[in-house]
Amino acid sequence: MVTKFDHVGAEQRWQQAWDTAQSFAADDNSPRPKAYVLEMFPYPSGRIHIGHVRNYTMGDVIARTRRAQGFEVLHPMGWDAFGMPAENAAMERGIHPGGWTRQNIAAMRAQLKRLGFALDWSRELATCEPDYYGQEQALFLDLLAAGLVYRKESAVNWDPVDMTVLANEQVIDGRGWRSGAVVERRRLSQWFLKITDFADELLDGLSTLDNWPEKVKLMQENWIGKSQGMRFTFAVADSDTRFDVFTTRPDTLFGASFAALAPDHPISRALAENDPALAAFITQCRAGGTATADIEAQEKQGYDIGLSVVHPLDPGSRLPVFVANFVLMEYGTGAIFGCPAHDQRDLDFARKYQLPVTRVVAPEGEADTPISNEAYVGPGKLINSRFLDGMDVEAAKALVIGRAESEGWGQGTTAWRLRDWGVSRQRYWGTPIPIVHCDDCGVVPVPKAQLPVALPDDVTFDIPGNPLDHHPTWKHVDCPRCGKPARRETDTLDTFVNSSWYFIRFASAPADRPFDKAIAEQWLPVGQYIGGVEHAILHLLYARFWTRALNRIGQLDITEPFAGLFTQGMVTHETYSRDQGEGVAPLYYSPEDVERTGHGATLKADGAPVDVGRVIKMSKSKKNTVDPDTILATYGADAVRWFMLSDSPPERDLAWSVAGIDGAWRFVQRVWRLASEAAESAGPAATDIDLKLARVLHRSIEAVTSDIDRLQFNKAVARLYELVSAIERSPASPTRAEAIEILLRLVAPMAPHLAEEAWALLGQPGMIVDAPWPVADPALLVDDTVTIAIQINGKLKDSFETAKGADRGALEAEVLARDKVVRALEGRAPRKVIIVPDRLVNLVA
RNA sequence: GCGGACGUGGCGAAACCGGUAGACGCAGCAGACUUAAAAUCUGCUUCCCUGUCAGGGAGUGCGGGUUCGAGUCCCGCCGUCCGCACCA
């Protein structure tokens, strides 16, 4: 008897069966080829988001397919468990960050298990546990010993709400990425990782990442920001003071009309001590400094400090020196020379302070035309530049650099946008930095034997700032070197450090060291990494750096952690709202409270219509979220997984809709029906129709396999729909039975519970997770007839079936004899006949 | 401002290397089954014109170009989205 697919029973049954059989445990010692499939591990916020479901479903399809194809698959899961939300929860609710985090992990683990992912749970890790962060401390000490970690006093981005330092990457439009508070500048002693040491290799390495999206590589390239140029020294006239500037346009040096220092430049700060007006100007620059898009609108401002510098190529001439708000201390040397004619900012500045504008580059065929309000940045020949006159830009650059080098006042150099990674955080819920500060010995690393430096449990969050600093005893320790009383470092590591090596720990997690090199390298690099584009720069760049740092100190042979990267789109949903009148924000309604009708929607509560808004990213404020638990209970894991893969290409956004998930559910039932009907009746012998079905079947195997290979899940889904339709239309037969059995194997990575349940129903041996991936028979991939399109002047007029491989003459004769062709040509002969064998015939009339 | 991606039916989308545009799904319409509904199944569904059958024309954001032939290649616009943002 044909019944409905019982998703509740099937999910329980098969999840337990996989668990018992340890189906997804990755064996380090397996002789099979290895495949490492990884999705970005989640932050344990409390609930799985539907975006996670999409991400992990994609990874799961790849993992299950690879496994069926004979690979030993590593597909692990863990928790990026340190971070601010836990501390915020602690502050708001008076609970411990650890308790909150571990509860969330338990809840989310249960949710993930209900989705039936093929994960090796024996390798689960949480970054907040000492067995993980203790090993991270060991790695930190190794990098410190290798000179890749240093401490320096520096101006940092201080978030006044979170009371912490932020990395540059965590400052968005001048505001803290979490709190949204306007960031202040403070000077603090901070720990840094020397990522800039790797700038060149991180840039060059991008070209080896063939299976990364171009977009991500480009974003990283821009972030690293390599600029070739020249660094040279300005001597202040009538003084011993000197300062360096960096320029990418040494060729335009004869167009210089001023020099400018950053407000934070040491010279600026030193002068400000005796110049209240300058001090006030500097303060003003810092205040307005980073605020949002009005940087664009913000006027160039300068303060003339009354000094002048000697022009290095023309010692007789002098340039005035300003402190200017548009010069950044963090880039280059924190000082520039201004060439107004060929740099827009310099031009704006020069116009405001009535500085000379001298053109020194003129495009071909144009001489010394005056510069108006637009700087000329294009190519051309040098003018007004003495010994450079007549040269092109590149030659002039080389000549000036050569001259500076031989005369000793400058040299060719490279500037980077990338800055060293500040990892100190004044927070509790992070990896303690394993350092002791001793009055006598200075900065002393904690000996590895004393690791982990564990976080104390008894902390309070009622005082702003770092709880570790407030703890009565934790920071008081004896110096590991001299034994005298000393202080622990109370800063913790940026959470991005945690995620910079977790993929290595998944591959190998011995108790006594971070990882075993040989075992880890059996799995690494990750073959396919999947996650959101929001990590295109930070996480991915840091993980690449960390891997290269470990390589440099001899702990790893690989240089790139992720061979393949895929960034998936978001899950979106339309919004439902009602206008609240002029000037009032509309009221949004949750999808659960809304009834979707044909074109519009009504509120269940009052039956009156609501406005259906655009399909946008799910957010709490727009109430357009869906709860994975509710959906899972209603439709089952397989339908949810199927929907996550259907319709939209995986890199694009997927619009969640009730109609869509209903459709996925119908498909699950359809496959189930097909299998249960087939289980009841075997068929007679093969027929012609059988050959047709066999062809569809083998083409489906071929297409689905290559679609999954290329992560084009939506296309694989479409092929499976076609296969199901073809099977439904075919009469019972051995081929049909075989087709159903293969269909189940193709569907298994996407809807695994359904596949197992149907597999068992058909009396197949073992579990479908252990069944091999089907292989297409090449003989059945080719058809013996083809459809030839007939075009006249490139426009389709007719088509006909013919045997494959028909020769040109036969095709032409056949085409010219056809009624429609004769009529269309009105008796004339075509001027030209173009024949593409097995495809088309185009007649040019 | 700089850099990048994208633009195809009512909707999500397919279309290998330039060769029958719209596979597949959703929504919609019609029909079958049913006392009825649900479920399921079958058919239709880019637009316009003429229309019983059948036929004709247009069509992949807009305007040009290359080609026997362009969604696909080239040039110029328009629009949407994303990243960076005073980087010298």
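Here is how names work: the chains are called A, B, and so on, in the same order as the sequence lines, proteins then strands, and each is numbered from 1.
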In the strands shown, is B:G9 matched to any nucleotide by a Watson-Crick or G-U wobble pair with both distances under 3.5 Å, and which? none
Examine B:G25: is either OP1 or OP2 under 4.0 Å from a nitrogen or oxygen in the side chain of A:Arg666? Give yes or no. no
Spacing between A:Leu840 atom CG and B:G18 atom C1', to the nearest angstrom: 11 Å
Considering every strand shown, what is the Watson-Crick or G-U wobble mate of B:G51 when both distances are under 3.5 Å? none
Determine the contact category for A:Ser646: base if any of its heavy atoms lies under 4.0 Å from a base atom, sugar-phosphate if only primed atoms, P, OP1 or OP2 are that close, otherwise nothing. nothing
Under 4.0 angstrom between A:Arg839 side-chain N/O and B:U20 OP1 or OP2: yes
To the nearest angstrom, how far is A:Ile661 atom CD1 from B:A27 atom P? 13 Å
Please confirm whether the shortest side-chain N or O distance from A:Lys715 to OP1 or OP2 of B:A15 is below 4.0 Å. yes
Just checking A:Glu801: does its CD atom have more than 12 heavy atoms from other residues, nucleotides or ligands closer to it than 6.0 angstrom? yes
Expressed as a whole number of Å, how far does the P atom of B:U8 sit from that of B:C62? 10 Å
What do you reckon, are the aromatic ring centroids of A:Tyr331 and A:Trp416 less than 6.0 Å apart? no
May I have the distance from A:Glu801 (atom CD) to B:U20 (atom P), rounded to whole angstrom? 15 Å
Of B:G4, B:C24, B:A88, the nucleotide closest to the side chain of A:Asp343 is B:A88
Examine distances only and state if a side-chain atom of A:Ser648 and a backbone atom of A:Pro650 form a donor-acceptor pair shorter than 3.5 Å. no
The glycosidic conformation of B:C17, counting syn as within 90° of 0 and anti otherwise, is syn
Mate of B:C2 where both pairing distances stay under 3.5 Å, Watson-Crick or G-U: B:G83
Across all strands, who's sitting opposite B:A70 as a Watson-Crick or G-U wobble pair, both distances under 3.5 Å? none
Could you tell me how far apart A:Asn842 (CG) and B:C68 (C1') are, to the nearest whole angstrom? 5 Å
Below 4.0 angstrom from OP1 or OP2 of B:C87, is there any side-chain N or O of A:Thr248? no
What is the nucleic acid contact for A:Ala659, judged by heavy atoms within less than 4.0 Å: base, sugar-phosphate only, or nothing? sugar-phosphate
Measuring centre to centre across the rings, with the benzene-like ring taken for any Trp, is A:Phe258 within less than 6.0 Å of A:Phe337? no
Pick one: which of A:Lys352, A:Arg345, A:Arg351 meets salt bridge (Lys or Arg N to Asp or Glu O under 4.0 Å) with A:Glu299? A:Lys352
Taking the P atom in each of B:U72 and B:G19, what is the distance between them to the nearest angstrom? 11 Å
Is any side-chain N or O of A:Arg652 closer than 4.0 Å to OP1 or OP2 of B:A13? yes
Take the protein atom CG of A:Asn325 and the nucleotide atom P of B:A88, then report the distance between them rounded to whole Å. 17 Å
Going by a 90° cut-off around 0, is B:G10 syn or anti? anti
Searching all strands shown, indicate the nucleotide that pairs with B:C17 (Watson-Crick or G-U wobble; both distances under 3.5 Å). none
For A:Thr787 and A:Asn714, take the nucleotide of RNA chain B holding the closest heavy atom to each; which residue's nucleotide lies nearer the 5' end? A:Asn714
Pairwise P distance, B:A14 and B:G61 [rounded to whole Å]: 15 Å
Indicate whether any N or O donor in one side chain lies under 3.5 Å from an N or O acceptor in the other, for A:Arg729 and A:Ser725. no
Please state the P separation for the pair B:G64 and B:G71 - nearest whole angstrom. 15 Å
Would you say the base of B:G19 and the side-chain of A:Gln791 have a donor-acceptor pair closer than 3.5 Å? yes
B:C62: pairing nucleotide in any strand, Watson-Crick or G-U under 3.5 angstrom: B:G76
A:Tyr721 vs B:G25: side-chain N/O to OP1/OP2 distance below 4.0 Å: no
Figure out the CZ/P separation between A:Arg699 and B:C24, and round it to whole Å. 14 Å
Is A:Arg673 near enough to B:C41 that one of its side-chain N or O atoms lies under 4.0 angstrom from OP1 or OP2? yes
Separation of atom CZ in A:Phe713 from atom P in B:A14, rounded to whole Å: 14 Å
Can you check the distance between B:A23 and B:G43, where both ends of the measurement are the P atom (answer in whole Å)? 14 Å
Kindly point out which of B:C41, B:A13, B:G57 is positioned nearest to the side chain of A:Ser648? B:A13
Strictly by modelled atom types, are A:Asn624 and A:Thr575 linked by a side-chain donor-acceptor pair under 3.5 Å? no
In whole Å, what separates the C1' atom of B:G10 from that of B:G3? 36 Å
Nearest-angstrom distance, C1' atom, B:A21 to B:A13: 13 Å
Under 6.0 Å between the ring centres of A:Phe349 and A:Phe322? yes
It should be established whether A:Lys4 places a side-chain nitrogen or oxygen under 4.0 Å from OP1 or OP2 of nucleotide B:U40. no
Between B:C84 atom P and A:Lys215 atom NZ, what is the distance in whole Å? 10 Å
Quick one: look up who B:A30 pairs with, Watson-Crick or G-U, both distances under 3.5 Å, and put none if it's unpaired. B:U42
I want to confirm an ordering. Mapping A:Asn222 and A:Asp662 to their closest nucleotides on RNA chain B, which one lands closer to the 5' end? A:Asn222
What interatomic distance, in whole Å, is found between P of B:G18 and the corresponding atom of B:G9? 23 Å
